[in-house]
**Q** 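Can you read through this structure? Questions will come right after.
Whatever order the structure lists ligands and atoms in, that order sets their numbers, starting from 1. Heads up: numbering here begins at 1 and tracks the sequence.
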Amino acid sequence: MTLRPGADPDGFRDAARRLVAEGVPPDSVSWHLGGTLDLFGTHASDTPAPPLALPRGVGDLVRMVVPHSDPERYALLYTLVWRILHGERRLLEISSDPLVHRLERMRKAIARDLHKMHAFLRFRRSEDAGIERFVAWFEPDHHILGAAAPFFVDRFRSLTWSILTPEGSAHWDGTALSFGPPGRREDVPASDGFEAGWRDYYESTFNPARTNLRAMRSEMPKKYWHNMPETAAIPGLVRAAAARTEAMIERGPQMPVKRNPARAVAAMGDQEPKSLEALNAIIRRSEPLVPGATQAVLGEGPPGAIVAFVGEQPGDQEDRQGRPFVGPAGQLLARAMAEAGIDRGQAYLTNAVKHFKFEERGKRRIHQKPTAGEVSHYRWWLDRELDFVAPRLVVALGATAVLALTGKAIPVTWARGPADFAKPYAGFITVHPSYLLRLPDEAKEEAYGDFVADLRRIHDIAASL
Ligand code: URA
């Protein structure tokens, strides 16, 4: 079978369908890349073979692995398809099977490559005959340009941009995405006015007390540095880290500034925030859901956190203290995390909705579930927040978080476990800790055990990413 070079998911799908229909076993097929010839000749497409009845999850795995640069990828995928259709329906569940294991490692490599491209690609501004265009150069490890481009359409819909790579280019003209021939690094302007902005952003998010050069290099490998203006600031920041840490300790903690939400929202305009700090400033100034809420409760955790946990909304304690997960549900979560070996201080904790919604009953403020409309209002911020934090794994705690992360009302009971949020990070769905608090006593112990078991899986998944 001859498929197009790079990633050819449609070609592979058609080829696999036809091979299965003809009863051709994997060891009789040889896969070639690069040509346009087709074993079945020109009339083959006149009689497309029927779709394959494959279990859930196989299609997603195939789509993820097809862009891998391993020349054996199509042979491996066809072997998987063949074995599943010939008596091994549950093959994907056997993670110790060498084929499944290898494909899973390939899938992870693609997820990492996508994450790096989304996080480390930098556009530079160019102008041609008065027309503004943003151009970026990137060298992915795998053939992921097609899979990565929709993310940038979503993010930079109102701009006109091109992404150039050594094996192809993607172009957005404000209405349509198209793909073209390879580009060259020299076609990207050397520098522009945004460079200083990126450096400022990096300097403002750089935490000198957490300088760990090995972790920095593994998170932001040196091969990407030459495209990223902010990396010019790294050597100086690292040199100054010790002195800045001492100054921070001497200065002591600073109290959050309270703002008048109504005035601040009016002042916000339609600015796209360029950093987590800028985003948080907008959230801090936004209107609460109900009058009387004290403050917006922002996400919390170290830069570079590998796992982010998304809850529903701050509760009474969180609203008073201005920090997520400090009340009873948060304490239960902290206990379960510790039992599962997750260091809470290394995780990023945030909420789908940033304000406490409640109803006053006497002196008590009773939690009220946010509506779908309210969740979608905050979703805009949550998406950007997670982009800035760039964790490798995001955990949805409960149905509101699932709604915020997927836009869909999916019952946690059946979606519990690893999940695909169609984002550059891996996903996991589990229950909200306040659900455990509400259970009758006799059911609590078992449910808590299940929750800790989920957190252990989360720990292991995060360690493998
Ligand atoms: N419940 C949440 O979802 N978030 C918090 O911060 C506290 C309780």
**Q** Could you find the nearest protein heavy atom to atom 4 (N) of ligand 1 and give me its residue, atom name and distance?
**A** Asn351 OD1, 2.6 Å
**Q** Output a table of donor-acceptor pairs, distance under 3.5 Å, between side-chain atoms of residues 395-402 and any protein atom two or more places apart or on a different chain; print 'none' if there are none.
**A**
from   : atom 1 : to     : atom 2 : distance (Å)
Thr400 : OG1    : Glu312 : OE2    : 3.1
Thr400 : OG1    : Lys369 : NZ     : 3.2

**Q** Taking Glu300 first and then Arg323, would you say they form a salt bridge - that is, a charged N and a carboxylate O separated by under 4.0 Å?
**A** yes
**Q** Regarding atom 3 (O) of ligand 1: of the candidates Gln321, Lys354, Glu312, Gln317, which has the closest heavy atom?
**A** Glu312
**Q** Within ligand 1, which atoms have a heavy atom of Gly311 less than 4.0 Å away?
**A** 3 (O)
**Q** Does Phe325 reach ligand 1 with a nitrogen or oxygen that is under 3.5 Å from one of the ligand's nitrogen or oxygen atoms?
**A** yes
**Q** Mind checking ring-ring contact (aromatic ring centres under 6.0 Å, His included) for Tyr435 and listing every partner two or more places apart, or none if nothing turns up?
**A** none
**Q** Is the gap between the ring centers of Phe156 and Phe123 under 6.0 Å?
**A** yes
**Q** Check contact between His432 and ligand 1, using heavy atoms of the residue and a distance below 4.0 angstrom.
**A** yes
**Q** Walk me through it: do His367 and Ser434 pass the test side-chain contact (heavy atoms from CB on, under 4.5 Å)?
**A** CA-CA 11 Å; His367 161 273; Ser434 64; over 6 Å; no
**Q** By number and element, which atoms of ligand 1 are closer than 4.0 Å to a non-hydrogen atom of Gln313?
**A** 1 (N), 2 (C), 3 (O), 4 (N), 5 (C), 7 (C), 8 (C)
